[in-house]
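Some notes on the structure that comes next.
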Number of protein chains: 2
Amino acid sequence: MSVTIEDISKKLKLSTSTVSKALNGYKDVSEKTRELVMGTAKELGYHPSAAARNLRRQRTDKIGFVFNNSLMYISDYFAEVIVGATAAAEAVGNNIVLYINEGDSPDSLIKLIRAKEVDGFVFVWNHVPDQIVDMLLDEKVPFVILGRRVSHPEASWIAPDNYSGATELMQHLLEAGHTRIGFTTRPSMGHTNQDRFDAYRDALVQAGIEIDEDLIVETKIEPFSGYHAAKKLLDLEDRPTAIFAFHDYVAIDAHQAIVERGLKIPDDVAIVGFDGLSVSAFTTPPITTVTQPLAEIGRESILMLLKRIANNNLPPIQKTLPVELEVRLSSQLKK
Amino acid sequence: MSVTIEDISKKLKLSTSTVSKALNGYKDVSEKTRELVMGTAKELGYHPSAAARNLRRQRTDKIGFVFNNSLMYISDYFAEVIVGATAAAEAVGNNIVLYINEGDSPDSLIKLIRAKEVDGFVFVWNHVPDQIVDMLLDEKVPFVILGRRVSHPEASWIAPDNYSGATELMQHLLEAGHTRIGFTTRPSMGHTNQDRFDAYRDALVQAGIEIDEDLIVETKIEPFSGYHAAKKLLDLEDRPTAIFAFHDYVAIDAHQAIVERGLKIPDDVAIVGFDGLSVSAFTTPPITTVTQPLAEIGRESILMLLKRIANNNLPPIQKTLPVELEVRLSSQLKK
DNA sequence: TACACTCCCGAAATCGATTTCGTAGCATAT
DNA sequence: ATATGCTACGAAATCGATTTCGGGAGTGTA
């Protein structure tokens with residue numbers, strides 16, 4: 001049996017009320033008793049039962065981190081985010097509970113909410129369906145969406161500045177003299193994809209280059225999808241001299257396709273990715289990308305969520321974080 | 001206010017006892033009332049309060065997953081493990097709570113134990129100090145160490161078969177005709193390192209090749225450490241024709257050093273890694289490695305832990321999992 | 001009729017903390 | 001002397017479930 005508050009109270013011949021108040025910094029406890037209580041608490045190795053606290057205070061000091069199975073494909077993204085988030089949470093005595101949840105069924109989420117397993121959620125998702133956002137707002141559960149902005153005006157989110165990142169990438173490619181730039185996209189245009197595509201299109205238009213629909217190819221969210229997309233681009237009669245893969249993993253796939261064709265990177269085809277996954281630095285040549293402050297995003301998501309937990313009636317917080325162009329060999333200037 | 005068991009009992013004019021028993025499958029409830037209770041529970045959207053259950057049942061159905069900061073360096077290892085583990089845990093209604101904890105101070109662990117935040121721990125650590133193992137055994141907390149075997153006979157662990165994996169790697173290199181094989185090691189020899197090194201040494205001895213101490217170089221657990229180690233090897237007068245990096249990240253570092261020297265992989269220097277991190281497939285050429293069934297390790301660690309939670313007096317479980325040699329271009333046969 | 005035995009159900013204790021409210025004891029003001 | 005205020009503490013309610021124990025109603029047996 002573990003040490004409870006009662007053990008302390010009996011030993012000191014005090015009431016449990018007083019002991020609890022002494023431990024929790026209430027003012028109606030004399031300095032002398034407080035020291036006594038603190039002392040014996042440490043001496044006995046007392047730590048309050050989480051369950052009892054949770055039940056009484058109706059909060060858990062736990063935060064749910066919700067992933068979907070794409071976790072495995074973005075593991076280093078995840079790892080950095082989680083490190084930042086965990087540190088921020090632990091600093092204020094909170095813990096992080098992991099959930100893997102596919103977006104299509106809100107049932108298990110509802111269960112978590114009803115059971116009060118956590119005080120709030122951070123979604124590290126490619127896509128949080130509107131249905132779920134509505135449900136969460138309905139249930140008045142504090143939540144923050146990480147890595148992706150959503151349309152609902154009442155939702156809080158924190159996301160990288162995809163548009164300006166993609167603009168920098170395009171600027172970089174245009175300055176290098178590329179005029180035919182391929183773009184890989186996703187079948188369903190989420191905001192992330194849309195923003196990066198908008199930047200692609202706008203940059204071309206501003207440079208006076210006409211959009212060639214042939215240069216825009218679809219990739220699915222599955223292995224080798226970027227590989228096939230790149231092949232399609234390389235098969236074009238008027239082959240692009242650069243490929244803007246909208247995600248580092250797609251860039252790595254494309255890299256492979258290019259190498260297999262016997263083409264040189266960046267001389268024959270330059271390639272750039274997005275998101276700053278660490279793997280993009282390990283290819284030969286390493287791939288130019290746009291990096292995000294991942295640990296900071298993780299940290300910030302926790303801080304945002306804690307604010308909402310403290311007061312869920314605050315206006316939603318929506319943050320766009322600056323990104324940074326990281327030029328690597330895969331897109332070196334043409335001479 | 002959320003729906004409690006009392007709401008159901010009032011609506012049906014039953015006692016809370018009966019409602020609880022109906023929901024939890026007790027036999028002393030008639031089939032009729034059970035259906036009634038189940039029905040209105042669903043109708044009202046009832047889910048039992050986690051805190052109340054935990055308090056009364058003295059268990060949380062939560063498992064603590066403890067990492068240290070190296071998490072960032074082994075993110076895809078982590079990701080696969082966690083996916084397997086989470087799936088296994090959710091299948092039996094358990095959840096996973098993440099903790100990042102440096103091995104040196106057991107204080108925060110003690111707090112978690114005393115507060116009964118979780119029912120047990122899985123340590124995904126490079127190194128769990130004996131001090132902590134002893135403490136956990138003392139406190140009778142169920143725990144499993146993942147990815148690394150430990151000396152203490154009472155500890156449960158699950159780890160890859162490092163010795164036979166490294167043996168296969170060495171066999172592969174020896175068959176390719178290599179006789180001078182460099183090995184990168186760690187300053188403090190843990191079991192993992194030791195097993196891989198033993199296999200290295202034994203394979204050489206069996207092949208009648210003398211151990212050359214110059215070919216064994218140290219790496220620290222920090223970025224670029226493998227890079228420097230490889231350079232040291234390449235600087236030798238009688239340069240090795242192959243490098244056995246004891247970890248994929250070290251292999252990637254070494255890869256870079258070799259490329260910078262203008263040497264060709266595998267013609268001038270072959271290279272092999274260990275652990276099957278997915279990044280090792282993305283280099284050019286991709287790096288030969290030994291893969292582990294990571295998702296299974298994650299899953300298995302949960303099952304082992306659950307057994308210990310059910311009965312912590314069981315004899316410890318210690319599992320070695322088979323690994324698989326994955327030959328890639330970085331060590332292709334010499335002609 | 002008496003007794004034993006099942007089948008269902010409810011009262012109440014319990015898990016371990018937090019928090020409200022009341023008050024004894026003492027000092028100070030009127 | 002009475003009123004007022006302040007400090008420091010304790011009694012008891014409370015959070016929401018689980019679980020033990022006891023017993024009424026109904027059936028079967030001697």
Side-chain angles (χ1 to χ4, degrees), chain A residues 1-38 40-42 44-62 93 111-119, chain B residues 1-38 40-42 44-62 93 111-119:
Chain A
M1 220 60 214
S2 46
V3 183
T4 73
I5 213 169
E6 209 183 329
D7 298 326
I8 301 179
S9 74
K10 273 185 184 158
K11 180 156 189 179
L12 295 178
K13 296 195 191 308
L14 286 170
S15 72
T16 59
S17 331
T18 305
V19 173
S20 172
K21 285 188 276 193
L23 291 169
N24 290 307
Y26 278 63
K27 286 173 310 175
D28 61 345
V29 175
S30 77
E31 210 41 55
K32 196 189 291 179
T33 26
R34 185 186 308 281
E35 279 169 24
L36 225 58
V37 169
M38 296 285 218
T40 54
K42 185 164 294 177
L44 268 51
Y46 168 81
H47 288 282
S49 144
R53 289 192 75 157
N54 293 348
L55 177 57
R56 178 62 232 229
R57 308 200 320 170
Q58 295 289 73
R59 54 178 295 182
T60 65
D61 292 338
K62 284 193 201 359
K111 186 179 161 201
L112 297 179
I113 295 166
R114 294 288 216 290
K116 294 197 173 59
E117 292 269 12
V118 295
D119 296 337
Chain B
M1 221 57 214
S2 45
V3 183
T4 73
I5 213 170
E6 208 184 330
D7 297 326
I8 301 181
S9 74
K10 272 186 185 158
K11 180 155 188 182
L12 295 177
K13 296 196 191 310
L14 286 170
S15 73
T16 58
S17 330
T18 304
V19 173
S20 172
K21 285 189 274 193
L23 291 170
N24 290 310
Y26 278 63
K27 287 173 309 175
D28 62 343
V29 176
S30 76
E31 209 41 53
K32 195 188 291 181
T33 32
R34 185 188 307 282
E35 279 170 25
L36 224 60
V37 169
M38 294 286 217
T40 54
K42 187 164 291 176
L44 268 52
Y46 168 80
H47 286 282
S49 146
R53 289 193 74 158
N54 293 348
L55 178 57
R56 178 61 231 233
R57 307 200 321 170
Q58 295 290 73
R59 53 178 295 181
T60 65
D61 292 339
K62 287 196 206 340
K111 186 178 162 202
L112 297 179
I113 294 166
R114 292 290 214 293
K116 294 200 175 55
E117 292 270 11
V118 294
D119 296 337

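Treat the numbers as computed from the prediction; the structure is a model and nothing was measured. Reminder, nothing fancy here: chain letters follow the sequence lines and each chain counts from 1. Values below: every heavy atom of this structure, side chains too, minus hydrogens, waters and symmetry copies.
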Self-check item: Listed partners of A/K111 passing salt bridge (Lys or Arg N to Asp or Glu O under 4.0 Å), at least two apart
Solution: none
Quiz item: Atom CG of A/L23 and atom P of C/dG16: how far apart are they, to the nearest Å?
Solution: 16 Å
Quiz item: Can you tell me how far P of C/dG16 sits from NZ of A/K10, to the nearest Å?
Solution: 12 Å
Exercise. Taking only the side-chain nitrogens and oxygens of B/S20, find out if one of them lies under 4.0 Å from OP1 or OP2 of D/dA17.
Key: no
Quiz item: Does the side chain of A/Q58 get closer than 4.0 angstrom to OP1 or OP2 of D/dG16 through an N or O atom?
Solution: yes
Quiz prompt | Nearest-Å distance for atom pair CZ/C1', residues A/R53 and C/dC15 | solution = 16 Å
Quiz item: Can you tell if the side chain of B/N54 reaches within under 4.5 Å of the side chain of A/N54, non-hydrogen atoms only?
Solution: no
Practice problem: Output the distance between atom CG (B/D119) and atom CZ (B/R57), rounded to the nearest 0.5 Å. | Solution: 9.0 Å
Quiz prompt | Nearest-Å distance for atom pair CZ/P, residues A/R59 and D/dT14 | solution = 23 Å
Quiz prompt | Qualifying residue, where the test is side chain to side chain contact (heavy atoms under 4.5 Å, CB included) with B/T16 and the options are B/K21, B/K10, B/E6 | solution = B/E6
Exercise. Indicate the atoms forming the closest heavy-atom contact of B/A115 with A/H47, along with that distance.
Key: N-CB, 4.2 Å
Self-check item: Distance in angstrom units between A/L36 CG and D/dC9 P, rounded
Solution: 10 Å
Quiz item: Below 4.0 angstrom from OP1 or OP2 of D/dA17, is there any side-chain N or O of B/R57?
Solution: no
Quiz item: Does the D/dT14 base have a donor-acceptor partner in the side chain of A/R56 within less than 3.5 Å?
Solution: yes
Exercise. Write down the distance between CG (B/N24) and P (D/dG16), rounded to a whole number of angstrom.
Key: 17 Å
Quiz item: Which pair of non-hydrogen atoms, one from B/T18 and one from B/V29, has the smallest distance, and what is that distance?
Solution: O-CG2, 4.3 Å
Quiz item: Does a side-chain heavy-atom distance below 4.5 Å link B/M38 with B/L23?
Solution: yes
Quiz item: Could you state the CG-C1' distance from A/D7 to C/dA17, rounded to the nearest angstrom?
Solution: 13 Å
Exercise. Calculate the interatomic distance between B/E6 atom CD and C/dA11 atom P; express it in whole Å.
Key: 12 Å
Quiz item: Within the pair A/Y46 and C/dA17, is there a side-chain N or O less than 4.0 Å away from OP1 or OP2?
Solution: yes
Please enumerate all protein N or O atoms sitting under 3.5 Å from an N or O of nucleotides 4-10 of chain C, with distances to 0.1 Å.
{"unit_1": "C/dC9", "atom_1": "OP2", "unit_2": "B/S30", "atom_2": "N", "d": "3.0"}
{"unit_1": "C/dC9", "atom_1": "OP2", "unit_2": "B/S30", "atom_2": "OG", "d": "3.4"}
{"unit_1": "C/dC9", "atom_1": "OP2", "unit_2": "B/T33", "atom_2": "OG1", "d": "2.7"}
{"unit_1": "C/dC9", "atom_1": "N4", "unit_2": "B/D28", "atom_2": "OD2", "d": "2.9"}
{"unit_1": "C/dG10", "atom_1": "OP2", "unit_2": "B/S15", "atom_2": "N", "d": "2.9"}
{"unit_1": "C/dG10", "atom_1": "OP2", "unit_2": "B/S15", "atom_2": "OG", "d": "3.1"}
{"unit_1": "C/dG10", "atom_1": "OP2", "unit_2": "B/T18", "atom_2": "OG1", "d": "2.5"}
{"unit_1": "C/dG10", "atom_1": "O6", "unit_2": "B/K21", "atom_2": "NZ", "d": "2.6"}

